[in-house]
There are 2 protein chains.
Amino acid sequence: MPRQKLAAEPDRPARDPKRTRAAILDAATTEFARYGLGGARVDRISRASGANKRMLYYYFGDKEGLFLAVLEAAYAGIRSAEQKLSLLDVAPIESVRRLIRFTWDYFLAHPEFISLLNSENLHRASHLRKSRRARSLNSPLIATLGAILERGRREDIFRKGVDPLQLYISIAGLCYFYLSNIHTLSSIFGRDLAAQPARGARLRHVTDVVLGYLRREP
Amino acid sequence: MPRQKLAAEPDRPARDPKRTRAAILDAATTEFARYGLGGARVDRISRASGANKRMLYYYFGDKEGLFLAVLEAAYAGIRSAEQKLSLLDVAPIESVRRLIRFTWDYFLAHPEFISLLNSENLHRASHLRKSRRARSLNSPLIATLGAILERGRREDIFRKGVDPLQLYISIAGLCYFYLSNIHTLSSIFGRDLAAQPARGARLRHVTDVVLGYLRREP
DNA sequence: CGGTAAACTAACTAGATAGTTAATTATTTC
DNA sequence: GAAATAATTAACTATCTAGTTAGTTTACCG
């Protein structure tokens, strides 16, 4: 099948480095998410992006460099989405509900992020370690969550002594694991856990677990 | 480097199909866990097992058949360990504590199981779907957990209406995610989350989350 | 407008890869 | 004990793979 050329429109320059680079990143995200780093193929990325294979090496160095760029872009995506959350202008319980809802919806809408994280952990975060932006990928939500928990404690709604980092990890874990392992869980338990009623039940359950935990102790 | 022969001991038969097959499975488990299905190499498995590469195809058909055999063995392992748990001869709260502890300790001791599950989900459980034993890999703990929750409810300790499958998935998720994503989490948050104090804190936190959720509502 | 550099193309390469072939050897069975 | 079978070995194969080479073409700048 003849290769799709990018600059097919008459009024577009034949060379557009930003567009070429973005197209490669996009195709690479899909390929790495679908096959993992080890199973992804450079030639398939090249074909899907419409860019010559040489260009992958021209812009990203090598396959692993491309993978790191994909990962950084993925992190930038979730951080950007997190910034749009408004959590501090509502009551603490509602803040936590929103955070849970955001986390669940984000993972649901971005299964490629889950897959990329799994790949990166298989490789022991060796790519992130090379990244100059790793620490900047940290989530400012931890501090925000700390403020929410402190406010909830002062209002006598939440229990004392909750570690915001642990809670953040737990909220992520409760959502992530279900979606990341959706295939084996569905297979083992003989149910389609990806279907709507099951997903809705899962979100409600996660919310109950977290809010139940946060409830002030007698 | 000269290839290690299996039957080096004088009183061992030169041919031992069971031992050869077990050695291949063992080497394959390590290889698939370390590199994922796509990154694993058949020649490395052959070398590590000490068996001729032809034997991998003789016993398992192909690389994917070998992967399925590894996965089934891994599931058999956790089911066997679950059977040794005794949960019904103690009070409900202690039962739940034991289940959490078991889950955490098992994933900690078997990082290869986590990695294999991640690989299988990347491949959409396509191997498990071919397995004739998938449903038998189901956990009988779900029913046990149901009994525990019902007993706790009757004793007015636990809240009403807890879905044992959801709770089982949540306990697994709270433990699994932390360990599965240990590398990216440590990298992003600039802490060694695999070190002892952090692990202990994590287990305590998970226990508090689950028991906090289960606590009877006022 | 010409020179230069950047962006791009097509073909190539050296090594890797899963799987196969053609045996040989050890064990089992009658 | 000989024949048959199963388990094993060494070498091979066809294809795949990431990355490279050697250009060409387009855009930019003075």
Side-chain angles (χ1 to χ4, degrees), chain A residues 1-25 27-28 31-32 34-70 119 123 126-127, chain B residues 1-25 27-28 31-32 34-70 119 123 126-127:
Chain A
M1 162 190 192
R3 184 173 54 80
Q4 176 194 16
K5 278 180 163 51
L6 278 172
E9 291 88 346
D11 60 345
R12 177 183 297 162
R15 299 173 179 205
D16 188 336
K18 280 191 171 194
R19 189 181 153 82
T20 300
R21 194 175 188 283
I24 292 170
L25 262 187
E31 176 77 9
F32 286 130
R34 174 71 184 86
Y35 296 103
L37 173 53
R41 297 288 171 257
V42 181
D43 279 54
R44 284 201 300 253
I45 295 172
S46 166
R47 276 200 296 279
S49 71
N52 190 272
K53 185 165 65 165
R54 182 66 189 85
M55 298 320 299
L56 276 59
Y57 299 91
Y58 180 76
Y59 285 117
F60 301 100
D62 56 15
K63 188 181 179 187
E64 313 241 352
L66 178 54
F67 181 74
L68 175 55
V70 161
S119 270
H123 295 86
S126 57
H127 306 92
Chain B
M1 163 192 193
R3 182 172 56 81
Q4 177 195 15
K5 278 179 161 55
L6 278 173
E9 291 88 346
D11 60 347
R12 177 183 299 163
R15 300 176 176 202
D16 189 336
K18 280 191 171 195
R19 190 180 154 81
T20 300
R21 195 176 187 285
I24 292 171
L25 263 187
E31 177 78 9
F32 285 130
R34 174 72 184 86
Y35 297 103
L37 173 54
R41 296 290 171 257
V42 180
D43 279 53
R44 283 201 300 253
I45 295 173
S46 165
R47 276 200 297 279
S49 71
N52 190 273
K53 186 164 68 165
R54 183 66 190 85
M55 298 319 300
L56 276 60
Y57 298 91
Y58 181 77
Y59 287 120
F60 300 100
D62 56 14
K63 187 182 180 186
E64 312 241 353
L66 178 54
F67 182 75
L68 174 56
V70 162
S119 270
H123 295 87
S126 57
H127 306 92

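Labels below follow one simple rule: chain letters A, B, ... track the order of the sequence lines, proteins then strands, and each chain is numbered from 1.
- Between T20(B) and the phosphate of dT8(D), there is a side-chain N or O to OP1/OP2 separation shorter than 4.0 Å.
- Note: F67(A) and H123(A) have tilted aromatic rings, judged against thresholds of 30 and 60 degrees for the angle between ring planes.
- The base of dA10(C) does not come close enough to the side chain of K53(A) for any donor and acceptor atom to sit less than 3.5 Å apart.
- In this model, the phosphate group of dT21(D) is not approached by any side-chain N or O of Y57(A) to a distance below 4.0 Å at OP1 or OP2.
- If you check residues 61-68 of chain A against DNA chain C, you find no residue with a heavy atom closer than 4.0 Å.
- For the pair Y59(B) and dA7(D), the criterion of a side-chain N or O lying under 4.0 Å from OP1 or OP2 is not met.
- No engagement by F60(B) is indicated, since no non-hydrogen atom pair under 4.0 Å with the nucleic acid exists.
- Applying the ring pair (Phe, Tyr, Trp, His ring centres under 6.0 Å) test to pairs two or more places apart or on separate chains, none has a residue in residues 42-65 of chain B.
- Residues A27(B) and I45(B) come closest through the heavy atom pair CB-O, 3.7 Å.
- Nucleotide dT26(D) holds its P atom 15 Å from the CG atom of N52(A), rounded to whole Å.
- Counting all heavy atoms, side chain and backbone alike, S119(B) lies closest to L37(B) at OG-N, 3.5 Å.
- In this structure, K18(B) places its NZ atom 12 Å from P of dA7(D), rounding to the nearest Å.
- Here the shortest heavy-atom pairing between A23(A) and S49(A) reads O-CB, 3.5 Å.
- Sorted by first and then second residue, the side-chain hydrogen bond (donor to acceptor under 3.5 Å, both in side chains) pairs with a member in residues 60-69 of chain A read E64(A)-H127(A); sequence neighbours excluded.
- Atom pair Y58(A):OH and dA22(D):P shows a separation of 19 Å (rounding to whole Å applied).
- Applying the salt bridge (charged side-chain N to carboxylate O under 4.0 Å, His left out) test to R44(B) and every residue at least two apart in sequence or in another chain returns E31(B).
- The backbone N or O of D16(B) lies less than 3.5 Å from a partner atom in the side chain of T20(B), making a donor-acceptor pair.
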With sugar-phosphate taken as primed atoms, P, OP1 and OP2 and all else as base, the protein-contact string of nucleotides 22-30 of chain C at under 4.0 Å (heavy atoms; B, S, -) is ---BBS---
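- OP1 or OP2 of dA18(C) has at least one side-chain nitrogen or oxygen of R41(B) nearer than 4.0 Å.
- The CG-C1' distance, from L56(B) to dT8(D), rounds to 13 Å in whole Å.
- Between the P atom of dA7(D) and the CD1 atom of I24(B) lies a distance of 12 Å, rounded to the nearest Å.
- Annotation for N52(A) and S46(A): closest pair C-OG, 3.8 Å, computed over non-hydrogen atoms.
- When rounded to the nearest whole Å, the span between CZ of R21(A) and P of dA6(C) equals 16 Å.
- Protein atom CE of M55(A) is 17 Å distant from nucleotide atom P of dT24(D), rounded to whole Å.
- For R19(B) and dA6(D), the CZ to P distance is 23 Å, given to the nearest whole Å.
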